[in-house]
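As the structure is a computational prediction, the values presented were derived from the model and not from experiment.
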Amino acid sequence: MKKWWMEKIGYQIYPKSFYDSNNDGIGDINGIKQKLHYLNNLGIDLIWICPFYDSPMDDNGYDVRDFFNVAREFGTVNDFKELLKEAKKYDIKIILDLVLNHTSDEHKWFIESKSSSNNSKRDYYIWKDGKIVDGKELPPTNWGSFFGGSAWKKDSITNMYYMKIFSDKMPDLNWSNKELRLEMMSVAKWWLDLGIDGFRIDAVSHLDRAPFEDSRLGSGIVLDWNKFSNLPKVHEYLKEMNKEVFSKYDALTVGEVGGAASIDSALQYSGFNSKELSMVFNFDHNWCNNLNEINDYKDLRTNVIDLKHVFNKWQEAFKTEGWLPLNWLNHDQPRLMSQYGDQKFFKESAKMLATSLYLMRGTPFIYQGEEIGMTNYPFEKFEDFKDISSINYYKELKDISDTEKIFRVSKSSRDNARTPIQWDNSKYAGFSKVEPWININPNYHDINVLNNLEDSDSIFNHYKQIIKLRKTNNTLIYGTYKQLDLMNEKIYIYERESNNSLFLVINSFSNKDEEYDLENYYIDDVLLSNYKTTSFEKKILQLKPYESIVLKVRRK
């Protein structure tokens, strides 16, 4: 099975932080249009743009107030039409976030829904009475929210609680209501008719709810994923969406299913025969280090065996049954170089990480700034945080020093990925001519796009070579993936093979010299390396720290 999106190279854009075209401190749609030539230069031909819908911005646009309008800070619908037109000149496809789980509490549906218990839009959302325990009123269940606190919020108009598994200002939609589902189909059709090529579907695994009974995972408020993640009716709803909308447009649909999805569940969402989604993102590889345990970044260590097992597990499960997106991070994750990079071997480790992932079977999705090696922001005070989940987490921490709070929150803060793209070394990093909505990382003088473009040995140019290599070798797109030497703690190596074509992708995760025996292969060519020279000694590959090499080989 071959689909158009299997051969694409994706790039995720967080518009608020990409490029500010009108100097108000906020990135915008015209900013994306002005940088299409940069993306084309890199080799990108598919972009995923995070929400720019009309929104009060409680969660940076994921709290949608009007699905058919653009937030004024991002531009207008006409600006987006112009972006589509310009993207077509570069043969760049565009997909948008489709937010299905919730709206803003300022959406007209919710304003109507909360106005009275018999309003026609009442059942568009999930409303329940509180419960009385020992003479005290409590929320309907003890379920917790992803953003901290209860998953319920009481509204004074009808004295009932609405469900909200994220922010208080993001009430959950009731997908068991057929009229609501038809409304969301209309939203999807409207944007597809405008000319987009598909959607990344936000929080798609949360569209169903378990019976409204207390979780038994603990006392008090409990974040229990099983109450609203990957439940059976989600698949019914997605099959309906696919039948009525997605399939009629040959749309690419990439679901965000979160950390709760098993392999079997992921195949239900996006197996070739699922008739639901094209692909699903998973985040298992984001937790293959000791980030949550450390108090100093110098103690950060990658568990290479765990990382390899995660990659192998997903590649093996999908090798004939479906297709995977290949992504290191997104707008909710710490920066790649602060997660898995080595600051002493900065360029080498950055290039190795790119090679190791983006030559696997699947569609690459590079996150903005990753291609130049952007890092986490060095948070120093509470006021530096903008992300609502980081702010809530900080407030929940008790009995520790402020310094420890800052470090604990900053390690995984979503703000890390949301600092502006560092375009050059001028004031505000070339992102804007005025102070941006969020702080610029102070390392922009060294890490920026301009420096990368002027350096033939840059991280950017290595990404460009990887992309060119994929696009000129179908084996690296459709060929089989086979991981070798799974228990090697230092080296990640795999084969890509089709017909009579065989490639070895070899990646050292070590900061020391390593060796690897290639006696089972004839070496025909070195296609890509992150060092200028590669050393072989009697079929023993001499790997330098974080060396990454792609070989065209034949079996003996």
Side-chain angles (χ1 to χ4, degrees), residues 58-59 62-63 99-105 110 113-114 117-118 121-177 180-181 202-238 256-262 264-265 268-269 283 287 292 332 388-399 412:
D58 185 60
D59 189 27
Y62 282 91
D63 49 318
V99 185
L100 297 182
N101 179 73
H102 49 264
T103 67
S104 165
D105 65 347
F110 188 71
S113 180
K114 72 176 184 176
S117 56
N118 59 3
K121 298 288 192 295
R122 182 68 168 184
D123 200 37
Y124 275 30
Y125 297 85
I126 301 168
W127 292 94
K128 297 290 177 186
D129 287 312
K131 61 184 179 185
I132 305 300
V133 179
D134 297 329
K136 181 181 178 183
E137 183 179 320
L138 297 177
T141 68
N142 67 347
W143 302 356
S145 158
F146 289 116
F147 285 3
S150 173
W152 299 94
K153 175 75 173 174
K154 188 173 184 180
D155 186 75
S156 60
I157 297 176
T158 59
N159 287 318
M160 290 180 71
Y161 292 79
Y162 62 87
M163 195 172 187
K164 47 92 200 173
I165 60 175
F166 294 102
S167 157
D168 286 359
K169 288 184 64 61
M170 295 158 67
D172 294 347
L173 290 165
N174 177 16
W175 273 74
S176 65
N177 182 303
L180 179 277
R181 298 201 303 275
D202 180 64
V204 71
S205 59
H206 304 313
L207 304 184
D208 190 14
R209 299 290 180 270
F212 294 102
E213 301 165 352
D214 281 352
S215 170
R216 296 181 181 179
L217 290 184
S219 58
I221 300 297
V222 178
L223 178 54
D224 183 350
W225 289 63
N226 296 312
K227 298 299 185 184
F228 38 71
S229 298
N230 302 304
L231 295 169
K233 284 188 179 175
V234 174
H235 298 288
E236 291 180 26
Y237 302 147
L238 288 176
E256 180 201 22
V257 297
S262 65
D264 287 344
S265 177
Q268 266 191 284
Y269 284 111
F283 308 119
W287 323 119
N292 291 329
D332 289 334
I388 186 169
S389 63
S390 298
I391 291 168
N392 288 347
Y393 179 33
Y394 178 95
K395 290 176 178 176
E396 286 177 1
L397 293 173
K398 310 292 181 188
D399 304 321
S412 57

(message) Just checking Lys153: does its NZ atom have more than 12 heavy atoms from other residues, nucleotides or ligands closer to it than 6.0 angstrom?
(response) no
(message) Please report the interatomic distance NZ(Lys136) to CG(Leu138), rounded to the nearest 0.5 Å.
(response) 6.0 Å
(request) Kindly compute the distance separating CG (Asp59) from CZ (Phe166), expressed to the nearest 0.5 Å. (result) 8.5 Å
(message) Counting only heavy atoms not in Lys154 (residues, nucleotides, ligands), do more than 12 fall under 6.0 Å from its NZ?
(response) yes
(request) Starting at OG of Ser389, measure out to CG of Asp332 and round the result to the nearest 0.5 Å. (result) 7.5 Å
(request) Rounded to the nearest 0.5 Å, what's the gap from CE on Met163 to CG on Leu173? Could you check? (result) 12.5 Å
(request) Examine the side chains of Tyr125 and Thr103 and answer whether a donor and an acceptor come within less than 3.5 Å of each other. (result) yes
(message) Taking Asp63 first and then Lys169, would you say they form a salt bridge - that is, a charged N and a carboxylate O separated by under 4.0 Å?
(response) no
(request) Give, for atom NZ of Lys227 and atom CG of Asp214, the distance between the pair rounded to the nearest 0.5 Å. (result) 8.0 Å
(message) Check for me whether the distance between the ring centres of Tyr124 and Phe110 falls short of 6.0 Å.
(response) no
(message) Any non-hydrogen side-chain atom of Phe212 less than 4.5 Å from a side-chain atom of Pro140?
(response) no
(request) Please say whether the positively charged group of Arg122, taken as NZ for Lys or CZ for Arg, lies over the ring of Trp127, i.e. under 6.0 angstrom from the six-membered ring centre and within 45 degrees of the axis. (result) yes
(message) For Arg209, is there an ion pair with Asp172 - N to carboxylate O distance below 4.0 angstrom?
(response) yes
(message) Could you check whether Ser176 and Asn174, counting side-chain N and O atoms only, form a donor-acceptor pair closer than 3.5 Å?
(response) yes
(message) Under a 3.5 Å cutoff, is there a donor and acceptor pairing between the side chains of Ser215 and Asn142?
(response) no
(message) When you compare the side chains of Thr141 and Trp152, does any donor N or O come within less than 3.5 Å of an acceptor on the partner?
(response) yes
(request) Using atom types as modelled and distance alone, determine if a side-chain donor or acceptor of Asn177 lies under 3.5 Å from a backbone N or O of Leu180. (result) yes
(request) Could you tell me whether the side chain of His206 and the main chain of Phe228 form a donor-acceptor pair under 3.5 Å? (result) yes
(request) Anything under 30° is parallel, anything over 60° is perpendicular, the rest tilted; go ahead and classify Trp175 against Tyr237. (result) tilted
(message) Could you measure the distance from the NZ atom of Lys114 to the CD1 atom of Ile157? Nearest 0.5 Å is fine.
(response) 5.0 Å
